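The structure under discussion appears below in the form of structure tokens.
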Amino acid sequence: MNDEYDVVIAGAGPAGGQCARDLATRGYDVVVLETEAEDEFPRQSNKSTAGTFPSMMSAFGVPDDVVMNYTENVVLESPTDYYVRQQPGAVLEFADFKRFLVEDSREDGAEYVFDAHVTEPIVENGEPIGVRYNGSEEVYADIVIDATGPSAPIAKKLGVSDLERTNHAIGIEYELEGIEIDRPGYADLTDAMMLRLDHDLAPGGYSWIFHTGADTAKVGICYIQNESHQNYARDDFSVDDYLQHWLETDPRFADASRIEGKQHRGSAHIQLPGQLYTDRFMAIGDTVPSVDPLWGEGINKCMRSGRAAATTADACLKHGGLEPTAENLEVYETLWHRDVAPNMDSRLLMTELLYLASNERYDRLMADLSRLDDDTLARANKGDKRAILRLLEPGDIPLLAKFARQRLTSR
Ligand SMILES: Cc1cc2nc3c(=O)[nH]c(=O)nc-3n(C[C@H](O)[C@H](O)[C@H](O)COP(=O)(O)OP(=O)(O)OC[C@H]3O[C@@H](n4cnc5c(N)ncnc54)[C@H](O)[C@@H]3O)c2cc1C
């Protein structure tokens, strides 16, 4: 290992791994420092359901052998109803996917140091010139990138991160076998990714079943500990208790059992991004955060942010080029808002509104979704306010008033 690189990246998740891939392909000296041990990577960080779509697979050349199951439908479920939309997707084996990113970038020359816990930037004349890991070990680079997810040790020390506790979403998931995937009275979940809106199961959030073939699926729940969660929460229930409660009460799980060792747990922040960069530094992936507020799609967004950072680094470093000052890294922010999350603010509004609604309104939402044409739904999903208005009904006025009051008091 050198001690001087073009770029040092902390964290080998989708964001860091993809950024390393893009930089290595362009011939830069890039090193990734990952806190976990290589022989068990990823363990703690194997945390994602990893449902994704063909656009991500083709944009980043993700191979079929990291796919557990190709899906055909996305299903939305409410307490007593459901809505099915044909939409191809894929459920990845997240651990294989992360290892693929490491191997693929290594083939192009990226270096990885496992068992390397990054703690802080090395700062000289007010600028980061490298990172410190495992206590006193150091590595220097022209550009430093934090891709450690919510822990964000470098971004926090540089004052770039503004991840807020109140926007913290937590999730847990098990892989199960013996599930009744096509139970009468429910949507057929064969080759489907299903998201369920139901405050009894996931107050202020949602739960999911992502089919992984035969009678197996990834089954989980997540929520933000916001006001809506407080309103609907049960006393003393942890996120694990909510998942257990669902498994005990939904007849589709009557004969299901957990697949040993297949439990994933994690968190993300659901909020607008703050500062994304400073002199010689960029924050990518969930460190920003990048995850889509509405349905938690993070992989595609984190990969895109890794690509945007690699493009920015390339623009500075090529031909011995520009100093990576904040001014010259500003293009990263432009690319982020264009390519990673172009409608983040309206999607955040939709999310807040959605989780305020009652279970009864969720049932009516399923009917509303069936009534609207595909184009309007696609526009609403992208955050188009006029399309979103078409999903509202006169009975929503009290909900909108409550929403407006909440927004005013949170300012
Ligand atoms: C329960 C759950 C389900 C999800 N389901 C989906 C889904 O179905 N589809 C989807 O698209 N997205 C999903 N997401 C979101 C998606 O997984 C994340 O947005 C994405 O993994 C974030 O990628 P990242 O590279 O930014 O960070 P991470 O994946 O968190 O990777 C960060 C890496 O940094 C390492 N690291 C952390 N601290 C340090 C340190 N100090 N030093 C060195 N290394 C460090 C970690 O070990 C890890 O390898 C889900 C998330 C959760 C929690």
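Predicted model, so just to flag it, every value in this text is computed and none were measured. Whatever order the structure lists ligands and atoms in, that order sets their numbers, starting from 1.
Taking the side chain as every heavy atom from C-beta outward, L176 and S257 never approach each other to under 4.5 Å. Between R361 and S78 the shortest side-chain heavy-atom distance does not fall below 4.5 Å. When side chains are defined from C-beta on, N300 counts as touching S55, because their heavy atoms get closer than 4.5 Å.
At a 4.0 Å heavy-atom cut-off, ligand 1 touches F210 through the side chain alone.
At least one N or O atom of K98, backbone or side chain, sits closer than 3.5 Å to an N or O atom of ligand 1. Note: an N/O pair closer than 3.5 Å links A50 and ligand 1 by distance alone. The shortest N/O to N/O separation between I299 and ligand 1 falls below 3.5 Å. Checking only distances, A15 does come within under 3.5 Å of ligand 1, N or O to N or O. The N/O atoms of F94, backbone and side chain alike, include none that comes under 3.5 Å of an N/O atom in ligand 1.
What sits closest to atom 14 (N) of ligand 1 on the protein, heavy atoms only, is S48 OG, 3.4 Å. The protein heavy-atom contact nearest to atom 27 (O) of ligand 1 is G149 CA, 3.9 Å. Nearest non-hydrogen protein atom to atom 47 (O) of ligand 1 is E34 OE2, 2.7 Å. Here the protein heavy atom with the shortest distance to atom 34 (O) of ligand 1 is G11 CA, 3.2 Å. Looking only at heavy atoms of the protein, atom 36 (N) of ligand 1 is closest to T35 CG2, 3.8 Å. Residue, atom and distance of the protein heavy atom nearest to atom 32 (C) of ligand 1 are A147 O, 3.4 Å. Closest to atom 31 (O) of ligand 1, if we only count protein heavy atoms, is G13 CA, 3.4 Å.
For the residue pair S45 / K98, a side-chain donor-acceptor distance below 3.5 Å is found, with atom types taken as modelled. Looking only at atom types and distance, the side chain of R304 has no donor-acceptor partner in the side chain of Q18 under 3.5 Å away. In summary, the side chains of T49 and E173 do present a donor paired with an acceptor at a separation below 3.5 Å, with no hydrogens or angles considered. A side-chain N or O of D241 and one of S238 form a donor-acceptor pair less than 3.5 Å apart. With 3.5 Å as the limit, one finds a donor-acceptor pair spanning the side chains of T376 and D373. Looking at E360 and Y362, their side chains never bring a donor and an acceptor atom within 3.5 Å of each other. When only modelled atom types and interatomic distance are considered, T325 and N328 share a side-chain donor-acceptor pair under 3.5 Å. Counting only N and O atoms by type, the side chains of T35 and Y133 include no donor and acceptor under 3.5 Å apart.
In this comparison of N134, D286, T52, the heavy atom closest to atom 26 (O) of ligand 1 sits on D286. Taking all heavy atoms of V118, L92, T148 into account, the minimum distance to atom 39 (C) of ligand 1 is reached by T148. Considering only non-hydrogen atoms, atom 28 (P) of ligand 1 lies nearest to K47 out of K218, E173, Q44, K47. Of the candidates G298, G51, P14, it is G51 that places a heavy atom closest to atom 8 (O) of ligand 1. Ranked by closest heavy atom to atom 3 (C) of ligand 1, the top entry among V32, T49, V102 is T49.
In this structure, Q44 places its CD atom where only 12 or fewer heavy-atom neighbours from other residues, nucleotides or ligands lie under 6.0 Å away. Atom CG of D255 has 12 or fewer neighbouring heavy atoms from other residues, nucleotides or ligands inside a 6.0 Å radius.
Close contacts between ligand 1 and P153 involve ligand atoms 41 (N) [criterion: under 4.0 Å to a heavy atom]. In summary, the atoms of ligand 1 found under 4.0 Å from a heavy atom of G285, numbered by their order in the structure, are 26 (O). Here is the list of ligand 1 atoms found below 4.0 Å of a heavy atom in A116: 42 (N), 43 (C). Near S45, with a cut-off below 4.0 Å to any heavy atom, the atoms of ligand 1 are 46 (C), 47 (O), 48 (C), 49 (O). Within ligand 1, the atoms closer than 4.0 Å to a non-hydrogen atom of L33 are 43 (C), 44 (N), numbered from 1 in the order shown. Each of the atoms 53 (C) of ligand 1 lies under 4.0 Å from some heavy atom of S267. Interface atoms of ligand 1 facing G296, defined by a heavy-atom separation under 4.0 Å, are 6 (C), 10 (C), 12 (N), 13 (C), 14 (N), 15 (C). If you number the atoms of ligand 1 from 1 as listed, the ones under 4.0 Å from a heavy atom of S151 come out as 37 (C), 38 (N).
Taking the six-membered ring for Trp and thresholds of 30 and 60 degrees, F97 and F94 have ring planes inclined between 30 and 60 degrees apart.
Look at H117 and you'll find a heavy atom under 4.0 Å from some atom of ligand 1.
With a 6.0 Å cutoff to the six-membered ring centre and a 45° limit on the axis angle, R234 counts as a cation-pi contact of F237.
For the pair N69 and G213, the tightest heavy-atom approach, listed with the atom from each and the gap, is ND2-N, 3.6 Å.
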